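Report on one structure; see the data block that follows.
Letters A, B, ... mirror the listed sequences (proteins, then strands); counts begin at 1. The shown structure was predicted, so the numbers you read here are calculated from the model rather than taken from an experiment.
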There are 2 protein chains.
Amino acid sequence: MEERRQAAGSGLRGRYRAQVRDEIKQVALNQLAEGGPQALSLNAVAKTLGVSGPALYRYFGSRDSLLTDLVVDAYHDLAAALEAAVAKEEAGPAERLLALGYAYRAWAVGEPHRYRLLFRAPLHGYDAHSDPLVQASRLAMGVAVDVLTGLGDSGESPASTATRATTLWARLHGLVSLEIEGNFASMGLDPTPLYDAEIGALIEEGRR
Amino acid sequence: MEERRQAAGSGLRGRYRAQVRDEIKQVALNQLAEGGPQALSLNAVAKTLGVSGPALYRYFGSRDSLLTDLVVDAYHDLAAALEAAVAKEEAGPAERLLALGYAYRAWAVGEPHRYRLLFRAPLHGYDAHSDPLVQASRLAMGVAVDVLTGLGDSGESPASTATRATTLWARLHGLVSLEIEGNFASMGLDPTPLYDAEIGALIEEGRR
DNA sequence: CGAATAAGTTAGAGCATATAACTAGTAGAG
DNA sequence: CTCTACTAGTTATATGCTCTAACTTATTCG
C-alpha cells in the first residue's frame, strides 16, 4: 500500500514538483495581470513554459484549481502585508490603524489583478466557499480585528469590535475598488484624502 | 447610396429586430443570474431561443457586445431606481439621502448578478471605458451628486460636493459588495445597522 | 539491475466564439 | 403583380479552449 501518493515536499522529486508548480503560478499571474481571469489559459501557460498542453494537469487538476491556488496565495500575501504594516510595536493603536489602511490600499493598488481575484473570485465558476478559501480569507480579516481590539475601550464587546472591523473593511474595500477600476482618475479626484478621512473618522469613532 | 444600413426603429423589420434583441438579452440575463458571466454562452442562448448558433450574430456583433449592452442597461436601470427613490418632493435632503442609500442597496441585493456586472465588467476583456459605458455610469453618479448638492450648505463648492458624493458611493459600494458576496452572512452580521450608521454619518458630515 | 512511479508526449472528445457561403422568405419599387 | 434587394436563418468550418485517455520516456529507489 504505502499510500505515498504525491506528497509534495519529500525527496528530490517533490522539490522539482513544487518548483514547477511555482513556475506555473508565476506565468499564470503574468497572464492574469495582462488580460484578467478571462485571459488565463492553461494552454497559453503551457506554451510559455515550453511544454505542451495537458502536461500542466500533472500539477493542477483543473484550471479552477490553479485559480483557487492563486486566490489562496493572494490572501496569504495580503494578510502578511497587513501584519507587517501593524507590527511596529512602538506605534499606538491609531497609528497602527492608519498603517493598516494604507497597507491595504498599497497592496491592492500595487497588484490590482490579485486584489480583484480576491473579491471577484466567486464569479469564475468554482465554489468560493470551499474550505481553503474561507480559511485564507479569515486571515486578512483577523488582522483588522486585532488592531481594532487594541484601539477601542478595553471593555468593548467582541461584537462591537467585529462591527467596527467590518465597517473598516467595507470602507477600505469601497475606496480601493473604485480606485483600481479608475473611477477616481476618470473623475479627476485624488483618492488619498478620502482614505485619510475615512480612516480618521473610524479612529474618532473608536475613541468615542 | 441611401446609407440606411440597419437603423433599428424604422418599419416592421426594425420592430421585429428590436424585439428579438430584447429576447436575447432576457435569456442572457437568466443565464447570467444562474452561472455568472462565465456561464453566458451565445450557443446556449441560441439553443434556448430555438435558433441555432450563428443566428445571434445578426443581432450582436460578438459575445462582448451583448455583455456591454447588458451593462449599459443595468446602469440605466440602477439610475432609474435611484431617481425614483429620491423623487418624493416632500422629503428633505436627509430623508432623500437615506432613500438613495436604501434604494442603492435594494437594487444591488435584488439583482446581484447585474450589480456585479456593473463593477466587474472590465474583467471580461472588453474595453470598460468605451463611450456608451462611461456615459451610462455617469447617470448613476449624477443622481448622487444631485441629492448631495441639496443636502450641503448652499455655499458649498462643487468640488466638495463631488468629494462627498464619492465618499457616499464608496461606502455604499463597499457595504453592498460585501453583502452580496455573503461576507456578512458568513460572519453572522446584520448589515442593516451598518448602512444606517454609514449614511447617518454622511448626513452628519453634510450638516457640519 | 529491475520494477514502480512520475513526467511528458500525441490524439481526440466536446464545447465555445466567430466567419463564410448558402438558402429561403419578405418588403418595397416599378 | 413581379422582380430585385435585403434580411434572417441555415450548415460547414476554422480556431481555441478544457480536459481525458493511451502511450512513451525518464528517473527514483529497493
Side-chain angles (χ1 to χ4, degrees), chain A residues 1-24 27-28 31-32 34-70 123-127, chain B residues 1-24 27-28 31-32 34-70 123-127:
Chain A
M1 291 290 175
E2 276 225 58
E3 280 293 337
R4 277 190 57 229
R5 303 210 176 253
Q6 45 190 32
S10 64
L12 286 179
R13 286 270 253 282
R15 274 206 188 286
Y16 177 68
R17 219 186 138 68
Q19 178 180 332
V20 174
R21 273 180 69 99
D22 280 354
E23 267 184 82
I24 293 172
V27 174
Q31 304 223 353
L32 214 86
E34 288 173 14
Q38 198 76 214
L40 171 56
S41 140
L42 287 189
N43 268 1
V45 170
K47 192 181 293 182
T48 300
L49 289 177
V51 300
S52 219
L56 300 193
Y57 286 83
R58 296 278 172 191
Y59 299 94
F60 293 94
S62 70
R63 181 183 175 278
D64 279 357
S65 163
L66 170 58
L67 256 180
T68 301
D69 240 62
L70 295 181
L123 273 185
H124 303 109
Y126 60 82
D127 182 12
Chain B
M1 293 289 173
E2 277 223 55
E3 281 291 338
R4 275 190 60 229
R5 302 207 176 256
Q6 47 189 29
S10 63
L12 286 179
R13 285 293 235 308
R15 275 206 188 286
Y16 177 67
R17 220 185 137 69
Q19 178 181 331
V20 174
R21 273 180 69 100
D22 280 352
E23 266 183 83
I24 294 173
V27 174
Q31 304 223 353
L32 215 86
E34 287 172 15
Q38 198 76 214
L40 171 56
S41 140
L42 287 189
N43 268 2
V45 170
K47 193 182 292 182
T48 301
L49 289 177
V51 299
S52 219
L56 299 193
Y57 286 82
R58 295 276 173 193
Y59 300 92
F60 294 94
S62 71
R63 181 185 176 278
D64 279 358
S65 163
L66 170 57
L67 255 181
T68 301
D69 240 61
L70 295 181
L123 275 184
H124 301 110
Y126 61 81
D127 182 12

Protein-nucleic acid N or O pairs under 3.5 Å, nucleotides 19-21 of chain D:
unit_1, atom_1, unit_2, atom_2, d
D:dC19, OP2, A:Y57, OH, 3.1
D:dC19, OP2, A:R63, N, 2.7

Expressed in angstrom and rounded to an integer, what is the separation of A:Q38 atom CD from D:dT18 atom C1'?
14 Å
Which pair of non-hydrogen atoms, one from A:Y59 and one from A:R21, has the smallest distance, and what is that distance?
O-NH1, 2.7 Å
Take the C1' atoms of the five end pairs on each side of the helix from C:dC1-D:dG30 to C:dG30-D:dC1, get both axes, and report the angle to 10 degrees.
0°
Reckon B:Y59 touches a base, only the sugar-phosphate, or nothing at all at heavy-atom distances under 4.0 Å?
sugar-phosphate
Please find the pair of heavy atoms, one from A:L32 and one from A:P37, that lie closest to each other, and give the distance.
CD1-CA, 3.9 Å
For A:Q19 and C:dA7, what is the distance between atoms CD and C1' respectively, to the nearest whole Å?
14 Å
Can you tell me how far P of D:dT24 sits from CZ of A:R58, to the nearest Å?
14 Å
Measuring from atom CG of A:L49 to atom CG of A:L56, what distance do you get when rounded to the nearest 0.5 angstrom?
6.5 Å
Between A:A46 and A:G53, which heavy-atom pair has the shortest distance, and what is it?
CB-N, 3.5 Å
Give the nucleotide from the list C:dA7, D:dG9, D:dT10 with an atom nearest to the side chain of B:Y16.
D:dG9
Closest non-hydrogen contact found for A:L40 with A:A28 is CD1-CB, 3.7 Å
B:R21 has an atom CZ; how far is it from atom P of D:dA8, in whole Å?
11 Å
Check the distance between D:dT15's P and A:K47's NZ and give it to me in whole angstrom.
13 Å
Heavy atoms of A:R58 and A:R17 approach each other most closely as O-NH2, 2.8 Å
Can you tell me how far P of C:dA7 sits from CZ of A:R15, to the nearest Å?
16 Å
Can you give me the closest heavy-atom contact between B:S65 and B:F60, atom names plus distance?
OG-CD2, 4.0 Å
Could you tell me how far apart B:Q31 (CD) and C:dC15 (P) are, to the nearest whole angstrom?
15 Å
Could you check whether any side-chain heavy atom of A:T48 comes within less than 4.5 Å of a side-chain heavy atom of A:Q31, counting everything from C-beta outward?
yes
Quick check for you: among C:dG8, C:dT10, D:dT11, whose closest atom lies nearest to any side-chain atom of B:S52?
D:dT11
Separation of D:dT27 atom P from A:R17 atom CZ, nearest Å, is 17 Å
